[in-house]
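What follows is a set of notes on a single structure, which appears directly below.
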Amino acid sequence: MSAVIDPVARQFEAYNRRDLTAFLACFAEDFTSYRMPAVSPALQGKDALAAFYAEHRFNNPALRAELVSRTVLGRMVFDHERIHGLGAQAQETMAVFEVEDSLIRTAWFYAA
């Protein structure tokens with residue numbers, strides 16, 4: 001089970017440090033993310049992931065994520081998170097990560 005949890009836990013910690021190199025090390029080269037309910041990917045590929053987080057997240061000193069709960073089901077990890085620093089109030093999100101070969105391959109993000 002640690003092969004599934006470890007990359008998710010490491011990316012969460014790197015996110016809070018705004019450490020782009022450590023963050024990217026947790027993702028597969030062909031990573032894909034979705035902002036639900038969209039059926040088309042929001043990001044495709046590690047390069048797109050790097051550009052987005054460098055330009056829209058890790059340049060924000062107020063950014064931090066709070067882990068409310070984590071559930072593991074097979075190779076899927078469900079993180080209920082509270083994201084601070086993106087607006088006046090914290091944003092409730094559910095991040096669903098699919099882990100394969102100890103890397104995050106796909107992520108689905110649901111926001112309240």
Side-chain angles (χ1 to χ4, degrees):
M1 187 179 304
S2 67
V4 174
I5 295 172
D6 286 349
V8 175
R10 286 194 325 271
Q11 69 80 36
F12 185 84
E13 293 164 6
Y15 181 98
N16 278 328
R17 291 191 316 269
R18 291 178 295 285
D19 181 340
L20 187 59
T21 301
F23 182 77
L24 293 173
C26 302
F27 293 86
E29 288 298 324
D30 61 348
F31 170 76
T32 303
S33 74
Y34 298 87
R35 294 198 180 281
M36 301 310 292
V39 294
S40 298
L43 294 172
Q44 285 189 288
K46 204 171 190 175
D47 290 341
L49 179 69
F52 178 81
Y53 278 85
E55 296 168 14
H56 301 287
R57 292 293 184 267
F58 291 172
N59 60 346
N60 177 353
L63 181 71
R64 74 177 174 83
E66 172 187 351
L67 184 62
V68 177
S69 67
R70 175 171 286 153
T71 302
V72 179
L73 181 63
R75 64 182 188 170
M76 307 296 284
V77 179
F78 300 78
D79 277 3
H80 176 189
E81 301 173 354
R82 197 167 289 127
I83 308 298
H84 301 269
L86 295 179
Q89 295 183 341
Q91 182 179 16
E92 296 284 331
T93 65
M94 177 63 74
V96 180
F97 300 100
E98 178 183 33
V99 177
E100 187 176 299
D101 298 326
S102 298
L103 294 171
I104 300 167
R105 178 156 318 280
T106 309
W108 296 265
F109 298 98
Y110 299 81

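Residue indices begin at 1 and follow the sequence shown.
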Open item on the list: For a quick check under 3.5 Å, do His80 and Glu92 share a side-chain donor-acceptor pair by atom type?
Closed with: yes
Open item on the list: With a 4.5 Å cut-off on side-chain heavy atoms, are Leu103 and Pro7 touching?
Closed with: no
Open item on the list: Assigning hydrophobic clusters by single linkage (Ile, Leu, Val, Met, Phe, Trp, Tyr; side-chain heavy-atom cutoff under 4.5 Å), is Met94 placed with Leu43?
Closed with: no
- [ ] Would you kindly confirm whether Tyr110 and Val99 end up in one hydrophobic cluster when ILVMFWY residues are joined by side chain heavy atoms under 4.5 Å apart?
- [x] no
TODO: Please say whether the positively charged group of Arg35, taken as NZ for Lys or CZ for Arg, lies over the ring of Phe109, i.e. under 6.0 angstrom from the six-membered ring centre and within 45 degrees of the axis.
DONE: yes
TODO: Would you check if Thr93 and Asp79 make a side-chain contact, meaning some heavy-atom pair closer than 4.5 Å?
DONE: no
Open item on the list: When you group the ILVMFWY residues by side-chain heavy-atom contacts below 4.5 Å and let the links chain together, are Tyr53 and Ile104 in the same group?
Closed with: yes
Task: Nearest-0.5 Å distance, NE2 of residue His84 to CD of residue Gln91 - done: 11.0 Å
TODO: Kindly give the heavy-atom pair with the smallest separation between Ser102 and Arg10, and that separation in Å.
DONE: O-NH2, 4.3 Å
TODO: Drop me the distance from Leu67's CG to Glu81's CD, to the nearest 0.5 angstrom.
DONE: 6.5 Å
TODO: Would you please classify the geometry between the Phe27 ring and the Phe23 ring as parallel, tilted or perpendicular, with 30° and 60° separating the classes?
DONE: tilted
Open item on the list: Within the structure provided, determine whether Val77 and Thr71 are in side-chain contact (heavy-atom separation under 4.5 Å).
Closed with: no
Task: Sidechain N-carboxylate O distance under 4.0 Å for Lys46, Glu29 - done: yes
TODO: Determine the minimum heavy-atom distance between Arg57 and Leu63, stating which atoms define it.
DONE: O-CD2, 3.3 Å
Open item on the list: Measuring only between side-chain heavy atoms, which start at C-beta, is Phe31 closer than 4.5 Å to Leu24?
Closed with: no
Open item on the list: Would a single hydrophobic cluster contain both Met76 and Val72, if residues Ile, Leu, Val, Met, Phe, Trp and Tyr are joined by side-chain heavy-atom contacts under 4.5 Å?
Closed with: no
- [ ] Would you mind reporting whether Phe12 and Val8 have side-chain heavy atoms less than 4.5 Å apart?
- [x] no
Task: Check: Phe78 ring centre within less than 6.0 Å of Phe97 ring centre - done: no
TODO: Return the set of residues passing side chain to side chain contact (heavy atoms under 4.5 Å, CB included) with Arg17 (not counting sequence neighbours), or none when no residue passes.
DONE: Glu13, Ala14, Asp19, Ala22
TODO: Please examine the side chains of Arg75 and Glu100, heavy atoms only from C-beta on, and report whether any two atoms are closer than 4.5 Å.
DONE: yes
- [ ] Enter the distance from Glu55:CD to Asn60:CG here, rounded to the nearest 0.5 Å.
- [x] 14.0 Å
Task: Reported CG-to-CZ distance for the pair Leu86 and Arg64, which is rounded to 0.5 angstrom - done: 11.5 Å
TODO: Work out which heavy atom in Pro61 is nearest to a heavy atom in Arg18; give both atom names and the distance.
DONE: O-NH2, 3.5 Å
Task: Geometric class of the Tyr34/Trp108 ring pair [parallel <30°, tilted 30-60°, perpendicular >60°] - done: parallel
TODO: For residues Asp101 and Arg105, report the shortest heavy-atom separation together with the two atoms involved.
DONE: OD2-NH2, 4.4 Å
Open item on the list: So which atom in Thr32 and which in Pro41 form the shortest heavy-atom distance, rounded to 0.1 Å?
Closed with: CG2-CB, 3.6 Å
